[in-house]
Amino acid sequence: MNPSRPFRPVAACAALAAALVATACAASAPAAAADEAPPTALAAALRARLDGDRSGACWAAALIDGERVQRAYACVDPRQVSRIGPDAAFEIGSISKTMTAALLAELIRTGRASLDDPLADYLPAGARVPAFEGRPIRLRDVVTHRSGLPALPPGVALDPADPYARLDIAALVGALARVELSAPPGRDFAYSNYAMMLLSYAVAHRAGSDYETLLRQGLLQPLGMRGAYVDRRPEGVREVAGRLPNGQATPAWRFGADLAGVGGVRATLDDMVRYAQAGLALAPATGEGAPAVAAVQQTLQALPGEPPMGMNWMLLEHDGRTLAEHAGGTGGFSSYLALDRSRGRAVVVLSDTSLTATGGLTGFGRHLLDPGFPAERARKPAKPDAALLDRLAGDYSLAGLATTLRRRGDALTVQAQGQPEFELGYDDHGDFYPLQFDALLRPVRGGDGRDAFVWNQGGGSMAAQRSAPAAAPPANAAANAAPAPAAQRLGDFVGDYPLAPGFVLAIRERDGALYAQATGQGALRLLAEGAERFRTEGVDARIEFQRGGDGKIVALTLHQNGQAFHAPRR
C-alpha cells in the first residue's frame with residue numbers, strides 16, 4: 001500500500017489519539033487496593049479480559065504494591081502461552097522515552113546539560129533548528145512535547161513495516177530545514193516522535209557514548225534490568241515475535257544508531273517491574289549509583305488550563321496525588337506503565353500484539369490500578385446485521401482519498417483509491433476491522449440520519465464523508481430514535497465540565513448548534529443523536545449529558561477510544 005495514504009500501518013511509537021481529548025492517554029488512574037486482592041486476582045483479570053478476544057494476543061502483567069509483586073501471563077489461546085514468559089523480551093515502544101529522560105536527568109545532575117539549553121547545542125554543527133521569533137527550542141520543550149516539531153520528520157520516506165530503521169541523524173537534521181514553527185516552543189502540546197529521536201541522539205552524543213551503551217551503563221545495570229536491551233540481546237533472553245491482531249507475525253521495529261530512545265527498548269516483565277520499583281523509589285532500586293528514575297516524574301511544566309508534564313511522563317493530579325503513566329505501541333506490540341508514588345503502587349502490562357487501533361492497554365491498566373475505572377471486555381468476533389452492511393455500503397471521502405465500502409455476502413470490504421480491497425471482520429463491540437492489519441472502522445450515524453464511519457489507525461481518527469447520496473433511512477427510523485433536542489433547548493447543555501484538574505471541556509452554543517472545546521484544542525461541532533446524546537463531528541467521540549432531579553444538566557460522560565470520562569458541570 002502507498003505509505004502516504006490511509007490504511008497503511010501508521011508509524012506511531014505511542015498510542016496517543018489525535019482526537020478531541022488529545023491528553024486522554026496522558027491521564028492516570030488512582031491506585032487500586034492491590035493488598036486486598038487475592039494472589040490469583042491478576043491472573044483472573046487477565047483471563048477474563050482475553051477470553052475469546054479476536055486479537056489472539058498474549059499479555060504479561062505485574063501489579064506492584066510496596067514490596068509485594070504479583071505477576072501473570074495469559075493468552076487468548078492458553079495453548080500459546082509459550083510465546084511469552086519470564087525470559088521473553090517485549091518491545092516497550094514509547095515507554096523508552098521515559099528512560100531517555102532518566103539519562104538526560106543524570107547529565108543534568110552532573111552539570112553536563114540543562115533543561116534550558118537550546119536543542120541546537122546538542123546537534124551536529126551547522127544544524128538549522130527552527131525558532132519562533134527568536135525563541136529557540138529548548139530541551140525542556142522537547143521532554144514536555146511542546147517543541148513545535150511535527151510527529152515525524154517531514155519529507156522523509158518511511159517504510160511502514162519498519163519505519164525508523166533507515167533513519168539517521170543526517171536525515172533528521174536535514175528535515176529540520178523543512179520545518180516552520182507556527183507558535184513559540186513551550187506553548188502547545190503536540191506529541192512528537194521526531195523531537196524524541198533528536199533527543200535520543202542528543203543525550204548519547206553529549207554523554208560521549210552510543211545510546212545502547214549509555215542505557216546499559218546508566219540505567220539497566222544499576223537497576224538490575226538484566227534482560228533489557230536495544231540490539232545486543234543478553235544471553236538467556238529470547239526476543240518475542242510481534243503480531244498483528246489477526247495473529248500474523250509482523251517484523252520487529254529497528255532503530256538507527258543512537259535514535260532508539262524514542263521507542264527501541266526491549267524488556268522482560270521482570271525488567272519492567274524493576275523499572276517501576278525505581279520509579280516508585282522502592283528498594284532494591286534505590287541503592288548507590290541507581291539512576292533517579294523517580295525524579296523525572298516531578299512536575300516540570302504546568303501551563304494554565306493544561307495537564308502537567310514531567311520529563312517524558314504524563315502526569316495527573318488526582319485526589320491530592322500525582323500519578324504518572326506512559327503507553328507504547330509499535331508494529332506488533334503494545335505496552336503500558338503507570339505509577340502512584342504516594343501509595344507505592346504501579347502496574348505494568350505488555351502485549352505481543354499491536355492493539356493501537358482499539359486503544360492499546362491503557363484502559364485495562366487503569367482498571368487494574370482502580371476498579372472504579374470501567375472494566376474492558378474482550379472483543380469477540382460477531383456477525384453484522386445485514387441491514388447495517390447495506391446502509392454502510394457506498395462511496396466516501398476519507399482524508400481526501402476516495403474510499404468504497406462494499407457488501408460481499410455477510411461481510412464488508414474497504415478499498416481506497418489505488419489500493420487493494422480488504423475484507424473486514426466484525427466484533428461484538430459493533431466495530432469492523434481489517435483482517436490483514438491493525439485498524440478499526442466504527443460505524444456512526446450522522447445528524448441527517450445517514451450512515452458513515454470513523455477510521456482509527458495508528459492512534460489517530462479520521463471521519464469519512466459520504467461522496468454520494470445514501471439510501472433513505474427506514475420509514476420507522478425516526479420513531480425508533482430518541483428525539484433530538486429542540487434548538488431553544490441547546491442552552492441547557494452550555495457550561496464547563498472539568499475532565500481533569502486544569503483540563504476542561506467547554507460546551508458552547510453558536511449559530512443554532514452546540515460546540516465542544518477541550519482545553520488547548522479547537523472547537524468541534526456536536527451532532528445530536530438523541531435528547532441528551534451527541535457525537536463530535538470529524539472525531540470518533542460521543543457525549544452523553546445527565547440531568548439531576550430538578551431536570552437541569554448536572555454532568556456529562558465523554559466516550560472515546562473505549563474509555564468513559566465523567567465530568568460534573570461547573
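On a predicted model such as this, the values are computed, not experimentally measured, just so you know.
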Below 4.5 Å, heavy atoms only, C-beta onward: do V444 and R535 meet side chain to side chain?
yes
Using 30° and 60° as the class boundaries, would you call the ring planes of F453 and Y396 parallel, tilted or perpendicular?
perpendicular
Return yes if some donor-acceptor pair links the side-chain N/O of R243 with the main-chain N/O of A241 below 3.5 Å, else return no.
yes
Applying salt bridge (Lys or Arg N to Asp or Glu O under 4.0 Å), run through R54 and D427 and close with a yes or a no.
CA-CA 8 Å; R54 63 172 172 83; D427 64 34; 3.0 Å; yes
Please tell me if the side chains of R71 and L63 come closer than 4.5 Å, counting only heavy atoms from C-beta onward.
no
Pairing residues for D53 by the salt bridge (charged side-chain N to carboxylate O under 4.0 Å, His left out) criterion, not counting sequence neighbours:
R49
I want to check something: taking the side chain as every heavy atom from C-beta on, are V262 and K97 in contact at a cut-off of under 4.5 Å?
yes
Go through T358 and Y433 one step at a time and tell me if the side chain to side chain donor-acceptor pair (under 3.5 Å) criterion holds.
CA-CA 10 Å; T358 52; Y433 56 95; over 6 Å; no
Check R377 with D428, please: is the shortest side-chain N to carboxylate O separation under 4.0 Å?
yes
Are the side chain of H326 and the backbone N or O of S96 linked by a donor-acceptor pair below 3.5 Å?
no
R379 and D431: salt bridge (Lys or Arg N to Asp or Glu O under 4.0 Å), yes or no, with the steps?
CA-CA 9 Å; R379 286 180 170 267; D431 297 321; 2.9 Å; yes
Nearest atoms (heavy-atom pairs only) where L355 meets S55
CD2-CB, 3.9 Å
Answer yes if the side chains of T413 and E423 hold a donor-acceptor pair under 3.5 Å, and no otherwise.
no
Tell me, do L558 and Y497 make a side-chain contact under 4.5 Å, heavy atoms counted?
no
For a 4.5 angstrom cut-off between non-hydrogen side-chain atoms, does Y164 reach T330?
no
Would you check if the side chain of R466 reaches a backbone N or O of D451 as a donor-acceptor pair within less than 3.5 Å?
yes
Under a 3.5 Å cutoff, is there a donor and acceptor pairing between the side chains of Q297 and R341?
no
Salt bridge (charged side-chain N to carboxylate O under 4.0 Å, His left out) pairs, two or more places apart, involving residues 72-81:
D77-R79
Could you check R266 against E91 for salt bridge (Lys or Arg N to Asp or Glu O under 4.0 Å), going step by step and ending with a plain yes or no?
CA-CA 4 Å; R266 279 183 177 262; E91 292 181 16; 3.3 Å; yes
For the pair R345 and D340, find out whether any cationic side-chain nitrogen is under 4.0 Å from an anionic carboxylate oxygen.
no
Heavy-atom closest pair (G85 atom, R238 atom, distance to 0.1 Å) is N-NH2, 3.8 Å
Contact between Q546 and I553 at the side-chain level, heavy atoms closer than 4.5 Å - yes or no?
no
Check whether any side-chain heavy atom of L556 lies under 4.5 Å from a side-chain heavy atom of L505, and answer yes or no.
yes
Mind checking ring-ring contact (aromatic ring centres under 6.0 Å, His included) for F534 and listing every partner two or more places apart, or none if nothing turns up?
F493, F545
Residues which pass side chain to side chain contact (heavy atoms under 4.5 Å, CB included) with P434, listed by chain and number, not counting sequence neighbours:
L424, Q436, F437, A439, W455
Just by distance, do the side chain of D438 and the backbone of T356 share a donor-acceptor pair under 3.5 Å?
yes
Please report the closest heavy-atom contact between G430 and P443, naming both atoms and the distance.
O-CD, 3.3 Å
As a quick check of understanding, evaluate side chain to side chain contact (heavy atoms under 4.5 Å, CB included) for M99 and V265, giving each step before the final call.
CA-CA 9 Å; M99 298 179 179; V265 177; 4.1 Å; yes
Would you find a donor on one side and an acceptor on the other, under 3.5 Å apart, between the side chain of T536 and the backbone of A541?
yes
Side chain to side chain contact (heavy atoms under 4.5 Å, CB included) between H145 and N312, worked out
CA-CA 8 Å; H145 288 287; N312 281 345; 3.9 Å; yes
Measuring from L441:CG to L412:CG, what's the distance to the nearest 0.5 Å?
7.0 Å
Search all heavy atoms of S351 against all heavy atoms of F333 and return the closest pair with its distance.
O-CD2, 3.3 Å
Under the rule for side chain to side chain contact (heavy atoms under 4.5 Å, CB included), what residues qualify as partners of S397, not counting sequence neighbours?
none
Not counting sequence neighbours, which residues clear ring-ring contact (aromatic ring centres under 6.0 Å, His included) with W59? List them please.
F364
Side-chain contact test, heavy atoms from C-beta onward, threshold under 4.5 Å: evaluate it for L527 versus E529 and give yes or no.
no
Minimum heavy-atom separation for R83 and V240, please, with both atom names.
O-CG2, 4.1 Å
Contact summary for L282 and G66, nearest pair of heavy atoms:
CD1-O, 3.4 Å
